[in-house]
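Letters A, B, ... mirror the listed sequences (proteins, then strands); counts begin at 1. Computed from a predicted structure; not experimentally measured.
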Amino acid sequence: MVDWLEIHQPDVLALQETKLVDDSFPQEAFKEIGYHAAYSGQKTYNGVAILCRQAPKDILTDLPNLVDSQRRILGVTVDDIRLLNLYVPNGSEVGSKKYAYKLDWLGRIKDYLQEALVEYPKLIVLGDFNVAPADQDVHDPDIWHETILCSTPEREALKEILALGFQDSFRLFEQEAQSFSWWDYRGGAFRRNRGLRIDLILISKALVPKCTGCVIDKEPRRLTRPSDHAPVIATFA
DNA sequence: ATGGTAGGTCTCCTA
């Protein structure tokens with residue numbers, strides 16, 4: 001992580017699945033290389049963090065309409081940009097209790113974002129959405145047809161968020177076919193590029209003219225004991 | 001409903 005930050009020097013890095021209580025967050029290690037940190041963690045599961053060059057302001061970890069002990073939400077303001085880092089519930093299986101929780105959760109996020117856009121026209125919503133927006137974001141749409149991460153209700157929930165006035169920054173630019181951000185650890189999925197694009201950077205309309213690129217960096221996925229996700233990088237003028 | 005991998009609360013649960 002420190003190596004990646006030193007190479008890419010992003011202004012902001014949003015993390016999901018930190019799986020750390022706040023007292024264990026290694027903020028000193030990031031401070032040493034010039035990054036402030038905001039975080040909302042818990043033991044073993046979930047957890048979100050934001051690392052940034054400038055001190056984050058107006059840190060938000062809970063939404064008024066989403067009372068939840070699971071640490072999946074982190075909002076900060078950096079410069080004149082509002083960021084909302086999300087670790088969307090995985091949902092386990094279509095039709096399960098966790099699936100219902102996921103859809104309800106996404107609906108509440110949408111309701112919150114409708115208000116947030118009024119206060120923060122320059123708004124970025126990013127993170128692990130656990131939804132592949134369309135079949136082009138899936139290595140084999142037949143295998144994944146109406147399964148978790150790809151089902152129509154999940155995609156509709158994401159579309160409703162986009163319809164508030166967000167763009168999927170990745171699709172503002174020409175991209176290679178079969179571009180993914182997550183590959184299962186099992187079955188040599190990364191080697192065979194059997195992945196999904198579920199990690200998104202959504203930007204509000206005011207930011208679209210400023211956005212100069214969006215790419216997925218597959219390099220960290222090749223390392224020893226990698227995350228199963230690859231970082232997505234959006235750049236702005 | 002399987003298996004395959006990874007990691008942690010470690011012989012089950014979540015992803």
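In summary, A:Arg72 and A:Asp62 do not engage in a salt bridge, as defined by a charged side-chain N under 4.0 Å from a carboxylate O. Salt-bridge formation is detected for the pair A:Arg155/A:Asp135: a Lys NZ or Arg NE/NH1/NH2 atom is positioned less than 4.0 Å from an Asp or Glu carboxylate oxygen.
Rounded to whole Å, atom P of B:dT14 lies 10 Å from atom CD of A:Gln70. A:Ile143 places its CD1 atom 18 Å from the P atom of B:dT2, with the value rounded to the nearest Å. Atom CG of A:Asp184 is separated from atom C1' of B:dG4 by 8 Å (rounded to the nearest Å). A:Leu223 has its CG atom 14 Å from the P atom of B:dA6, to the nearest Å. In this structure, the OH atom of A:Tyr185 is 13 Å from the C1' atom of B:dG8, given to the nearest Å. Rounded to an integer number of Å, the gap from CD of A:Glu17 to C1' of B:dA6 is 11 Å. As a whole-Å value, the separation of A:Leu20 CG from B:dG7 C1' is 13 Å. Summarising the geometry, the separation between OH on A:Tyr101 and P on B:dT14 is reported as 12 Å, rounded to the nearest angstrom.
At the heavy-atom level, A:Phe190 lies nowhere under 4.0 Å from the strands shown. Among the atoms of the strands shown, only primed sugar atoms or phosphate atoms (P, OP1, OP2) are found under 4.0 Å from some heavy atom of A:Lys98.
Atom name P, nucleotides B:dC12 and B:dG3: the rounded distance is 15 Å, in whole Å. Taking the C1' atom of each, B:dC10 and B:dA15 are spaced 16 Å apart, rounded to whole Å. Using C1' as the reference atom, B:dT11 and B:dA6 are 16 Å apart when rounded to the nearest Å.
Residue A:Arg225 has its side chain nearest to B:dG7 when only B:dG7, B:dA6, B:dG4 are considered. Here the side chain of A:Arg72 is nearest to one of B:dT5, B:dA15, B:dG7, namely B:dA15.
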Determine, stepwise, if the pair A:Asp11 / A:Gln54 fulfils side chain to side chain donor-acceptor pair (under 3.5 Å).
CA-CA 8 Å; A:Asp11 292 318; A:Gln54 291 190 34; over 6 Å; no

For A:Leu106 and A:Glu160: C-alpha separation, side-chain torsions, deciding distance, then whether side-chain contact (heavy atoms from CB on, under 4.5 Å) applies.
CA-CA 9 Å; A:Leu106 285 167; A:Glu160 284 190 31; over 6 Å; no

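Side chains of A:Glu176 and A:Ser179: a donor-acceptor N/O pair is absent below 3.5 angstrom, by distance only.
Comparing A:Lys19 and A:Gly91, the nucleotide of DNA chain B nearest to each residue sits closer to the 5' end for A:Lys19.
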